[in-house]
Undergrad: 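The structure's right below; bear with me while I get my questions together.
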Amino acid sequence: MTEGFSQAVYRVVMAIPQGYVATYGMVAQLAGRPRTARMVGGVLHRNPQPGVIPCHRVVFRDGSLAPGFAFGGPGEQQALLEQECVRFIAGDDSNAGAAGMRVDLQQCLWDGRMNGSEEQHIE
DNA sequence: TAAATGACAGGCC
DNA sequence: AGGCCTGCCATTT
């Protein structure tokens, strides 16, 4: 199996707790390859185990999502994140105006730290 | 076997 | 501040 790296990526993505998001670069680093952010996305696109790997929790370094390459739909990914209590920045509050909907990495960026147990409970 | 591609990231203009 | 270009590295054909 030459998918050792893919396996690591799946494991990391699956370890992302609810309400949190991780960047491709972060996942890559946790997977053991700090410079393979592109690979992470490629792996998720190749074999996104449906229902097993929450690829919607993986976002860009800017907090943006993959444009047009979502698993079920560009809006679907964002909706899922909102469903997990992930805050979104609409660039409407009190900050630099104008800024496509981005995930609030300031609050929901995963620390790469697990919750003690090695498996999270998905309701 | 080698070359091209690709769900990114960071730096530069 | 925003947009463009290049670099990195594993997988695929």
Side-chain angles (χ1 to χ4, degrees):
Chain A
M1 296 304 210
T2 60
E3 43 204 76
F5 175 66
S6 324
Q7 175 69 68
V9 173
Y10 295 145
R11 189 175 179 135
V12 175
V13 176
M14 272 198 294
I16 303 174
Q18 255 182 11
Y20 279 88
V21 296
T23 67
Y24 289 97
M26 183 178 297
V27 174
Q29 181 166 27
L30 293 170
R33 265 82 223 200
R35 255 76 195 183
T36 56
R38 291 172 104 166
M39 261 305 104
V40 177
V43 168
L44 294 177
H45 189 192
R46 261 187 42 170
N47 199 346
Q49 297 297 321
V52 185
I53 303 173
C55 8
H56 63 264
R57 286 184 197 152
V58 187
V59 301
F60 271 61
R61 242 327 198 156
D62 304 303
S64 316
L65 309 175
F69 284 97
F71 43 95
E76 193 72 13
Q77 184 171 13
Q78 187 152 1
L80 278 163
L81 289 170
E82 276 195 313
Q83 182 188 289
E84 307 228 332
C85 281
V86 174
R87 318 262 181 167
F88 270 80
I89 306 174
D92 170 79
D93 209 351
S94 59
N95 229 305
M101 278 281 254
R102 298 182 301 182
V103 181
D104 190 348
L105 296 176
Q106 285 177 96
Q107 245 190 68
C108 300
L109 182 56
W110 182 35
D111 322 75
R113 193 97 152 156
M114 307 208 188
N115 202 6
S117 288
E118 44 197 299
E119 210 177 312
Q120 294 292 317
H121 220 76
I122 304 177
E123 305 183 9

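Order of the sequence lines fixes the chain letters, A, B, ..., with proteins taken first and strands second; residue numbering starts at 1 for each chain.
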Undergrad: Would you say the side-chain atoms of A:D104 pair up with the backbone N or O of A:Q106, donor to acceptor, closer than 3.5 Å?
TA: yes
Undergrad: Pick base, sugar-phosphate or nothing for A:A70, based on heavy-atom distances below 4.0 Å to the nucleic acid.
TA: base
Undergrad: When you list every nucleotide of DNA chain B with an atom under 4.0 Å from a heavy atom of chain A, which one comes first 5' to 3', and which comes last?
TA: B:dG6 to B:dG10
Undergrad: Check every strand shown and say whether A:F60 touches a base, only sugar-phosphate, or nothing at a heavy-atom separation below 4.0 Å.
TA: sugar-phosphate
Undergrad: Between A:E82 and A:R87, is there a side-chain heavy-atom distance shorter than 4.5 Å?
TA: no
Undergrad: I want to check something: taking the side chain as every heavy atom from C-beta on, are A:Y24 and A:R38 in contact at a cut-off of under 4.5 Å?
TA: no
Undergrad: Rounded to whole Å, how long is the line connecting atom CZ of A:R102 with atom C1' of C:dA1?
TA: 12 Å
Undergrad: Is the shortest heavy-atom distance from the side chain of A:L109 to the side chain of A:M26 under 4.5 Å?
TA: yes
Undergrad: Does any part of the side chain of A:F88, heavy atoms only, come nearer than 4.5 Å to the side chain of A:V86, both counted from C-beta?
TA: yes
Undergrad: Write down the distance between CE (A:M39) and P (C:dT11), rounded to a whole number of angstrom.
TA: 7 Å
Undergrad: With a non-hydrogen cut-off below 4.0 angstrom, is A:A66 in contact with a base, only sugar-phosphate, or nothing?
TA: base
Undergrad: Considering only heavy atoms from C-beta outward, does the side chain of A:W110 approach that of A:V12 to under 4.5 Å?
TA: yes
Undergrad: Rounding to an integer number of Å, can you tell me how far A:Q29 CD sits from C:dC9 C1'?
TA: 15 Å
Undergrad: Do A:M14 and A:V52 come within less than 4.5 Å of each other through their side chains, counting heavy atoms only?
TA: yes
Undergrad: If I take atom OH in residue A:Y10 and atom P in nucleotide C:dT11, what distance separates them, rounded to the nearest angstrom?
TA: 10 Å
Undergrad: Taking the side chain as C-beta and beyond, is there a heavy-atom pair between A:T23 and A:V58 under 4.5 Å?
TA: no
Undergrad: Tabulate atom names and distances for all N/O pairs under 3.5 angstrom spanning the protein and nucleotides 4-8 of chain C.
TA:
{"unit_1": "C:dG7", "atom_1": "O6", "unit_2": "A:R38", "atom_2": "NH1", "d": "2.7"}
{"unit_1": "C:dG7", "atom_1": "O6", "unit_2": "A:R38", "atom_2": "NH2", "d": "3.2"}
{"unit_1": "C:dG7", "atom_1": "N1", "unit_2": "A:R38", "atom_2": "NH1", "d": "3.1"}
{"unit_1": "C:dC8", "atom_1": "N3", "unit_2": "A:R38", "atom_2": "NH1", "d": "2.9"}
{"unit_1": "C:dC8", "atom_1": "N4", "unit_2": "A:R38", "atom_2": "NH1", "d": "3.0"}

